[in-house]
Amino acid sequence: MGYNHKKIESNWQKKWEKDQLYKTSDDQDKPKYYILDMFPYPSGAGLHVGHPKGYIATDVTARMKMMQGYNVLHPMGWDAFGLPAENYAIKNKVHPRVAVEKNIKVFKKQLGRIGFTHDWSREVNTTDPDYYKWTQWAFIQMFKKGLAYESDEPIIWCPSCQTGLAMEDLEDGKCERCGSDVERKPLRQWVLKITDYADRLLFDLDSLDKWPDSIREMQKNWIGRSEGAKVKFEVRNWKSEIEVFTTRPDTLFGATFMVLSPEHELVNKITTKENEAAMIKYQEEASKKSDLERTELQKDKSGVFTGAYAINPVNKKEIPIWIADYVLASYGTGAIMAVPAHDQRDYDFAKKYKLDIVPVVLPDKASYLVIEKSLPQSLVKDLQKYGKVNVEKIDKDWGGFYRVEVELDKEPEFMKFMEDNLLESSDDGGAWYTDSMGTTDHAIFSGKTFSIKDKKSFEEFKKYGISLSIPKDQLDIVLEAFTDIDNGTMINSQQFDGQKPKEAIKKIIDWLEKEGIGEKAVTYRLQDWVFSRQRYWGEPIPIVHCPKCGAVPVDEKDLPVVLPEVKNYEPSGTGESPLAGIDDWVNTQCPKCGVDAKRETNTMPQWAGSNWYYLRYIDPDNKDALVDYEKEKYWSPVDFYVGGAEHATRHLIYSRFWHKFLFDIGAVNYQEPFTRLQNVGLIMAEDGRKMSKRWGNVINPDDIIDEYGADSLRVYEMFMGPFDQAVNWDTNGLRGTRKFLEKIFKFDKWQDGDSKEAKTVYHQMVKKVTNDVENLRFNTAVSAMMIFVNKIVEIGCSKEIFQNFLKVLSPFAPHLAEELWVKSGKDESIFLSKWPEYDESQIQVDTIQLVIQVNGKVRDKIQVEPEIAEAEVKKLALASEKVQKFLEGKESKKIIYVKGKLLSIVV
RNA sequence: GCCGCGGUGGUGGAAUUGGUAGACACGCUGGACUUAAAAUCCAGUGGUUGCAUAAACCGUGCCGGUUCAAUUCCGGCCCGCGGCACCA
């Protein structure tokens, strides 16, 4: 009888379902383990083989944890609101709900065939009114705390999807869903004050030490916290002030002009008559530019002069006020003080419009480039006296590049040394000073000019990235902004002259505060979360607009506000959602005063439902609360969360925000929702591209399961490579894992007892698999099982060891393991058995191979007992012919012995 | 440009408190079985020199360094991937 995967897999899937083997109990007598997959979006395309990779990994872990005695929660559900479902429905002319229901059925069937432990009695669906009741409830709590507010600021608008978007919904400046260029459009919208939580979202990242560093880093950058100061600049002949944010208050004395964003509220007030026309034209142009155009033109700065002047508060100098679109309205105060000597953007702008550049920090180091075909080592060592020397062999023909950074106080000695040792101090010398912009084609230093001996063109040097600096006495030729905050000394800054910029910042802020012209300040890149969409398929925002009371939340007892049926759910395009057209739904009474009022017709973004779904699995049928507080205390936080890295700055920030809010109002017990996070690497198609209908390279798991079986698919996906790394699908590799399972199926080399060798390889295998699953190294876990199987096929083993092996195999290949387990005479499911322990003492082997090295090279290998004495090893080593050959009768200077590993002889 | 991650055979990848580089698997080559093919089984498989299952040398992106010993540590650079991007 061959390995009939079809029969085995469908039999066991039915049996497990019938026995409710994976139903999770709320009994709190066992330690809990909550393992979670990012729930899928049930799209019309169905699953491809890449989708289940993460689910297989959590399933393997869940099964091992069950067998290790944990109460495991491993649920699954559907994230089914949002644009993709709606667009799919419009395209296929069906109601989104109908499409979603159909898709869920397909997904569920496909997932079922892979043999997961999901407890479907806890299934959640974000589009179920009993579910989104609590999404709406949470929104109302935020509204009550002032964290949900209406705003009329211009937002990002996608003309194709016809809805407003949050900044997180952009990809390369385009709509993430449809790829359209987006516009700025003023539109009334609901916004969540996530910035109130910015510091907590940032600082609590430190506690998430079981998250990938890359995700924590991305969130940190996304929040983009900057410390600095706010400084007030008076406008000349005008009563108002302009406030700016700067991270470099130490450069305040170098502020030679100011720049406002075109949208800044003061612009129209302070612009003088003669500049008005140009101003209006520039503002119009700026508003027409898409975000993409604004950033694409990065290098080409543009702006116009307002005609007005401000007073630099620290030195009372009058400085012109410009507007330019390189200053963003959405960051800081929407206005900057421009310090062209120490900010590259300001520098570029100043160069273009011929504005003053005043350096206020003098660099402490200059850098030189020395080119020499072969510089003697001794000379390099000498050079190090003057600063840092980097050796770069860039091009064979050119020999070595030696870049020398010199401390300025050692500069005369350095120059003398160079002339004495290396350079011809003539016009044909060899020392170069250049800037990274490549605008010089000759060297400038201390009044001396050198040019290169063999006349290679400057362009050739430029491509090697020659670096820069500003020589002390050449400050009038500032070639680029000097922005290094860790290097330099302040000048032109009155009482702060001579200080180091970093240390001066605090003193300057104190002084600004004393003088009443500025204060310490923090600002964030993160913006408040635009939370309304002008589309149909989402949770209605539970607000009523009353002509007397304003925005009033719906009474909690009236929740959910059910999404009404609508004839036409296509977007209206007017900036209003399709809900606005349903009069008998829109018209209602104010929950507060009872007068006629209108419902809010915007809906929530897709992320709303996914913010908190993991909490609902804990208590999916609760009618009185989002989640029972005591149950939540037991099950939360999620011990292990697995999903794609693409959610790093959206779902995973939104969720943390939402969770912290729920914590603040006492709805949940813990500050952070997810203890440990792991990213799944994508599975690419065999051709190396993403699997997509478009390329015709999609592999459907159903086909694979038909031909090779779910167990082969599971083992293969775990074996493909490191779990978090992208790999190409390879059907030949899949055949390899199938062969591995067949080998197990056919195994019949039984023995009564076990040899030492069999025991050793068994315990090694158990140890490796146990540890590797815990640490998500599934590929090496599978490899350990293969080594074990290869060995017992060769030497045989007892039934007992084989049964224990089946336990270890069972999380990976549950159907096959269960089948062979029962065939071997067991009555109860293998998943109710106890995970095997390994015995460290059994792993020890009788003899080990010890390596003998001579001068670090392996010359011989000897078989010895693990506990052999050092003296004995030496004796054996020196007796070896091979070793003798390399000793050539020489005396050994030193002998290094590493127990159990090697003996190294140095001669 | 900035931040993060990575670079190991023909391929996916193993091995890092520095200690035998290439586990395991795929592919390939040769052989067995077969009328033949597929499947299966056995053997070989980093490179160079070599009759060799003898031996030596080279080899973990590049250039240097530390060390008895470096894929692993240090300095510099190149390339690839991901994120951010006029963030003051």
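Chain A is the first sequence line, chain B the second, and so forth, proteins listed ahead of strands; every chain is numbered from 1.
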Separation between the [atom1] atoms of [N] and [M], rounded to whole Å:
{"N": "B/A14", "M": "B/U67", "atom1": "P", "answer": "32 Å"}
{"N": "B/A55", "M": "B/U66", "atom1": "P", "answer": "33 Å"}
{"N": "B/C86", "M": "B/C78", "atom1": "C1'", "answer": "28 Å"}
{"N": "B/G31", "M": "B/C81", "atom1": "P", "answer": "43 Å"}
{"N": "B/C79", "M": "B/C73", "atom1": "P", "answer": "23 Å"}
{"N": "B/G47", "M": "B/U53", "atom1": "P", "answer": "13 Å"}
{"N": "B/A43", "M": "B/A25", "atom1": "P", "answer": "12 Å"}

What nucleotide, of [options], holds the atom closest to the side chain of [X]?
{"X": "A/Phe886", "options": "B/A56, B/C86, B/G13", "answer": "B/A56"}
{"X": "A/Asn732", "options": "B/C24, B/G27, B/C58", "answer": "B/G27"}
{"X": "A/Val898", "options": "B/G19, B/A88, B/G12", "answer": "B/G19"}
{"X": "A/Ile787", "options": "B/C41, B/C24, B/G12", "answer": "B/C24"}
{"X": "A/Val906", "options": "B/G19, B/A14, B/C68", "answer": "B/C68"}
{"X": "A/Lys301", "options": "B/G13, B/A25, B/C86", "answer": "B/C86"}
{"X": "A/Ile336", "options": "B/C68, B/A88, B/C3", "answer": "B/A88"}
{"X": "A/Tyr331", "options": "B/G12, B/C84, B/A88", "answer": "B/A88"}
{"X": "A/Lys901", "options": "B/A88, B/G19, B/A14", "answer": "B/G19"}
{"X": "A/Ser214", "options": "B/G4, B/A88, B/U20", "answer": "B/G4"}

- Is the base of B/G61 syn or anti, where syn means the angle lies within 90° of 0?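 It is anti.
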- Query: Which salt bridge (charged side-chain N to carboxylate O under 4.0 Å, His left out) pairs, counting each pair once, include a residue from residues 719-740 of chain A, with sequence neighbours left out?
  - Reply: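 Of all non-adjacent pairs touching residues 719-740 of chain A, those that pass salt bridge (charged side-chain N to carboxylate O under 4.0 Å, His left out) are A/Arg738-A/Glu742.
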Using purine N1 to pyrimidine N3 plus N6-O4 or O6-N4 for Watson-Crick, or N1-O2 and O6-N3 for G-U wobble, each under 3.5 Å, what pairs with [N]?
{"N": "B/G75", "answer": "B/C63"}
{"N": "B/A39", "answer": "none"}
{"N": "B/G44", "answer": "B/C28"}
{"N": "B/A69", "answer": "none"}
{"N": "B/A14", "answer": "none"}
{"N": "B/C2", "answer": "B/G83"}

- Measure the spacing between CZ of A/Phe886 and OG of A/Ser880 and express it to the nearest 0.5 Å.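 One finds 10.0 Å between CZ of A/Phe886 and OG of A/Ser880.
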For [Y] together with [X], are the ring centres under 6.0 Å from each other?
{"X": "A/Trp529", "Y": "A/Tyr654", "result": "yes"}
{"X": "A/Phe805", "Y": "A/Phe788", "result": "yes"}
{"X": "A/Trp729", "Y": "A/Tyr716", "result": "yes"}

Looking only at side-chain N and O atoms, does [X] come under 4.0 Å of OP1 or OP2 in [N]?
{"X": "A/Lys857", "N": "B/C58", "value": "yes"}
{"X": "A/Lys894", "N": "B/C68", "value": "yes"}
{"X": "A/Arg525", "N": "B/A85", "value": "yes"}
{"X": "A/Asn790", "N": "B/A25", "value": "yes"}
{"X": "A/Ser226", "N": "B/A88", "value": "yes"}
{"X": "A/Asn779", "N": "B/A25", "value": "no"}

- Message: Check for me whether A/Lys301 meets the cation-pi criterion with A/Phe349, that is, NZ or CZ under 6.0 Å from the six-membered ring centre and within 45 degrees of the ring axis.
- Response: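 Output no; distance or angle outside limits.
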- Message: Set out, in order, the CA-CA distance, both residues' side-chain angles and the distance that settles salt bridge (Lys or Arg N to Asp or Glu O under 4.0 Å) for A/Arg650 and A/Asp169, then state yes or no.
- Response: CA-CA 8 Å; A/Arg650 288 187 282 183; A/Asp169 295 323; 3.5 Å; yes
- Between A/Gly733 and A/Asn728, which is nearer to the 5' end of RNA chain B once each is assigned its nearest nucleotide?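 Final value for this comparison: A/Asn728.
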- Query: Quick one: on RNA chain B, does A/Thr333 or A/Ala726 contact a more 5' nucleotide (nearest heavy atom)?
  - Reply: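 Upstream on the strand: A/Ala726.
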Would you say the side chain of [X] and the base of [N] hold a donor-acceptor pair, judged only by whether the two atoms sit under 3.5 Å apart?
{"X": "A/Ser783", "N": "B/C24", "answer": "no"}
{"X": "A/Gln344", "N": "B/G1", "answer": "no"}
{"X": "A/Lys220", "N": "B/C3", "answer": "no"}

- Give A/Asp213 one of three labels, base, sugar-phosphate or nothing, depending on what nucleic acid heavy atoms sit under 4.0 Å from its own.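 The residue A/Asp213 makes no contact with any strand.
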- Task: Compute whether any side-chain donor of one residue and acceptor of the other, for A/Asn790 and A/Glu794, lie under 3.5 angstrom apart.
- Result: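 Short answer, no.
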